[in-house]
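Take a look at the structure below.
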Amino acid sequence: MLPSMGENPHAEHLSELLEGLNEPQREAVTHGEGPLLILAGAGSGKTRVLTHRIAYLIFTDQAQPSEILAITFTNKAAREMSGRVEGLLGRRTRGMWLMTFHAACARILRAEADRLGYTRQFTIYDQADSRRLVRRSADAAGVDPKRYTPALLHNQISAAKNRLQAAADLRTAASAAGSPFAEMLADVYELYERDLLRMNALDFDDLLFRAVNLFELFGDVRDRYRATFRHVLVDEYQDTNYAQYRLLQLLVADQPLRAGAPASADGDAADVDGGAAGGYAVSDGGAPVSEGSAARARERDSVPHRNLAVVGDDSQSIYSFRGADVRNILDFQEHFPDAHVVKLEQNYRSTERILRAANAVIANNRGGIAKRLWSELGEGDRVHLRALDDEHAEARFVVGEIERLVDEGTSRSEIAVLYRTNAASRVIEDALVRREIAYQVIGGTKFYERAEIKDAIAYLTLLANPFDVVSFTRIVNSPRRGIGQTSLARVLAHANAMDISVWQAASEPSSIAGLSTAAAKALERFMATMAELRALAGTGAEDVGDDEPSEFLDVRAHGIGELLQATLARSGYLEALEAERTIEAEGRIENLEQLVEVAREFDLATEDGALGDGVGALETFLQQVALVADADARRDDESLITLMTLHNAKGLEYEVVFISGLEDGVFPHSRSLDEGSLEEERRLFYVGITRAMRELYLSYARRRAAFGTPMTGVRSRFLDEIPADLLDEVDSLERFRPGLGGTFSSREATAGGWARAQVREGAVASFRLGEDVVHAAFGEGVVTGVEADGVIVVRFAGDGSERKLMAEYAPVSRR
DNA sequence: ATCCTGATTTTTTTT
DNA sequence: AAATCAGGAT
């Protein structure tokens, strides 16, 4: 299978490519056809292996760039990998698909939208948009929003989608189980789905779900992509969910190999929507296949090639809350019995002591694939552990230590402070500001989630997709135009009744029943502005509201930057902000200017027709904006300390790492204790530890304010899992160990933060199967399972949900 | 329709 | 402590 190096024109590249790789790395890079599982411990050079493998496939002529689909989880990772592949290949990366799951699916769906009953201008709703829509659906279904919050309902729907369950599947299951909660959920899900389709919109989960639908319903489409992507590579495979697994399955293999897939993955295919199979012309133009490779692809048959290379580390699986399933990586060899397996255990990042701490911590998890990280970087310093009086003292300690390190010559860009929840950044920020140390916070309040940015985007979105009710609702009265709740409701009702787009309904205010003259006039002015902008965007308004897919807006003539600027000016949005004359408004204006700048950059970057796929520039821009997380905006600025959550830190490395808030209830988080997902918290700790190259600082506070009220806390149980000889624990006097004469034991005191208040003292945790229990938050229930480690499974009467609880710590008792 | 005020709630983690 | 929400006044 391997071409001999002598005949290969790239021979010198090849040896260069393999130089400096260790044995298992080289094995992974040079693996030929067929499934490949790369178990890559933290810091073991997995990105290197992935990028070199891509280059190797191309140099050995096993694949053209356009035949490679490389998938990451974040845009940042995609960009990084793209840069590195370019470094190896030069310009030969053109045509390669190197992007996130969501971006790849969005691109495919844009090209094939008509097959599923959408137009190519479909909107992508982020979580906030989706939630707003769920709220409306729940409202329409008569659900009490107090009892079932839109957030809870959306989570349930999202989870269902990640399991590839459509509303109809939930309905079937609900009837079978006779659960009123499930019936209600199915109601909301149905309404939500109907609205999404009507608005020509997809939520995040739909991107995956609909892509799977597409491949399942249309074999020809699936075959086309299957033939196109001869090699599929996936990074962070431990974080894939069922939908992603299924998608890969469809791309590289024939049958679903996993038995016992959650519920009926087949039932939903028919459910996509009424119009799905309804005779849309098969589009040929949208196929993302370049001329040459298309020809080559056609020569090959569509027999699944099984060329799937996945890289991951089960010990770093930390996204189960969003549907990720570690089993995907654990069972890879069952899914692909002929898989070649490579283990990367040599770590090139951290000193020995840090790795020993990490190994010791993760050893407390059961199951998983045995790995033992080692490095040649020497012993290194011990892990620093500090106990502080409260969170302010902790922040001062962290900042003081940062000042010392910087004085000694450490670059600020080499220092990161990690915490469990976004809210925890505030105290540390305060301390940094006080000492005048520049920093950046990754994640948290996101640029693209700011109201003014979302407003601006909504304007553009409505121009592209006249069906988008969410965007319309958002901007119709922003800035204030005198179109309030009542008028808005009338417009929406009218659009609904007449079965026309909101745009069309709003364009003729006179025909809307019950609309006040003032409101009608305001609406008329608003729509005149929008029509103007739409004309500026390069399209007549005549196709708006038709069910026929409209042509893409041609903004090429002006550019999106200009369109955006015109939008902000003519809508009166900027004017309204300027009139406020507040510092806050000034900040908003600055943000908007930044967004215009982003749009201009986009215009420049796509000037040379790099857009491809025959997709409109505006759609592409909006899609790009919808799919970027703020974590991508990390700057490698020399002068900034970096603050972020542990989740955001995955994949990164720093010379010096602080992990703060190591208290039970904070980390591990109280909520995860309730749900019995302690092992995932431990993996998160493992991820945090392994970010550190040289120095690792762990800290906790004995007292910490939760919701404004101070609470006493206990140091994290995870700290006791690190062998004492690895620790440098200066504050030994105040250090507390259970059973050594402390005033409380870790059994009585518990979960920090608000959960602590719910805990009764001395509740001895022993529950039996079938016992009736009552929980402080979830109400009455019955024990349906008793697991190891004091974990019990309880089915609650209230909502029929089944939850795993830590009997010892959850506020649950016999009744 | 909009603004003000007091009450209530918030803290996982994110593509 | 801060942000969001509900209800009532303007």
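Below, chains carry the letters A, B, ... as their sequence lines are ordered, and counting in each starts from 1. Any value given below was found using the heavy atoms of this structure, including those in side chains, with hydrogens, waters and symmetry copies removed.
- Between Ser487(A) and dA1(B) there is a side-chain N or O to OP1 or OP2 distance below 4.0 Å.
- Note: CG (Asp203(A)) to P (dT14(B)) measures 19 Å, nearest angstrom.
- Side-chain proximity of Phe204(A) to the nucleotides dT14(B), dT15(B), dA1(B) is greatest for dT15(B).
- A close approach under 4.0 Å does occur between a side-chain nitrogen or oxygen of Asn648(A) and OP1 or OP2 of dT14(B).
- In this model, the phosphate group of dT15(B) is not approached by any side-chain N or O of Asn162(A) to a distance below 4.0 Å at OP1 or OP2.
- At whole-Å resolution of the value, CD1 in Ile442(A) and P in dT15(B) are 12 Å apart.
- Separation of atoms OG1 (Thr72(A)) and CD (Glu236(A)) is listed at 8.5 Å; rounding is to 0.5 Å.
- Between Asn422(A) and dT13(B), a side-chain N or O to OP1/OP2 separation shorter than 4.0 Å is present.
- Both Thr149(A) and Gln244(A) lie close to DNA chain B; mapped to their nearest nucleotides by heavy-atom distance, the more 5′-ward contact belongs to Thr149(A).
- Between Asp129(A) atom CG and dT15(B) atom P there is a gap of 15 Å when expressed in whole angstrom units.
- Whole-Å rounding puts the Arg426(A) CZ to dT12(B) P distance at 16 Å.
- Relative to the side chain of Gln127(A), the nucleotides dT15(B), dT11(B), dA1(B) differ in distance, and dT15(B) lies closest.
- A salt bridge is defined here as a Lys NZ or Arg NE, NH1 or NH2 lying under 4.0 Å from an Asp or Glu carboxylate O, and Asp129(A) with Lys454(A) meets this definition.
- The shortest distance between the side-chain N/O atoms of Arg322(A) and the OP1/OP2 oxygens of dT14(B) is not below 4.0 Å.
- With ring centers used as reference points, Tyr148(A) lies 6.0 Å or more from His154(A).
- Within the nucleic acid shown, Tyr319(A) comes within 4.0 Å of sugar-phosphate atoms alone, with no base atom in reach, counting heavy atoms only.
- Atom NE2 of His154(A) is separated from atom P of dT14(B) by 16 Å (rounded to the nearest Å).
- For dT14(B), the OP1/OP2 oxygens have a side-chain nitrogen or oxygen of Thr645(A) closer than 4.0 Å.
- For the pair Asp313(A) and Lys46(A), the salt-bridge criterion is not met [side-chain N within less than 4.0 Å of a carboxylate O].
- A cation-pi contact links Arg110(A) to Phe122(A), judged by a cut-off of 6.0 Å to the six-membered ring centre and 45° from its axis.
- Between His669(A) and dT12(B), a base-stacking contact is recorded: ring centres under 5.5 Å apart, planes less than 30° from parallel.
- Distances from the side chain of Arg420(A) to the nucleotides dT2(B), dT15(B), dT12(B) place dT12(B) closest.
- Residue Arg480(A) has a polar side-chain atom (N or O) positioned under 4.0 Å from OP1 or OP2 of dC3(B).
- Between the side chains of Asn422(A) and Thr645(A), no donor-acceptor pair is found at a separation under 3.5 Å.
- Using a 30° and 60° split on the angle between ring planes, Phe667(A) and Phe685(A) fall in the perpendicular class, above 60°.
- Summarising the geometry, the separation between CZ on Arg210(A) and P on dT15(B) is reported as 22 Å, rounded to the nearest angstrom.
- A stacking contact links Phe321(A) to dT13(B): the aromatic ring centre lies within less than 5.5 Å of the base's six-membered ring centre, and the planes differ by less than 30°.
- Between His102(A) and Phe204(A), the ring-plane angle classifies as perpendicular under the 30° and 60° cut-offs.
- Under 3.5 Å, the side chains of Tyr439(A) and Glu429(A) contain a donor-acceptor pair of N or O atoms.
- Rounded to an integer number of Å, the gap from NE2 of His647(A) to P of dT14(B) is 7 Å.
- At a threshold of 4.0 angstrom between heavy atoms, the contacts of Asp126(A) with the nucleic acid are absent.
- Between dA6(C) and dT11(B), the distance separating the two P atoms is 15 Å to the nearest Å.
- Atom CG of Leu646(A) and atom P of dT11(B) are 18 Å apart (whole Å).
- Extent of DNA chain C lying under 4.0 Å from chain A heavy atoms, first and last nucleotide in 5' to 3' order, is dA1(C) to dA2(C).
- Here Thr74(A) does not reach the OP1 or OP2 of dT14(B): none of its side-chain N or O atoms lies under 4.0 Å away.
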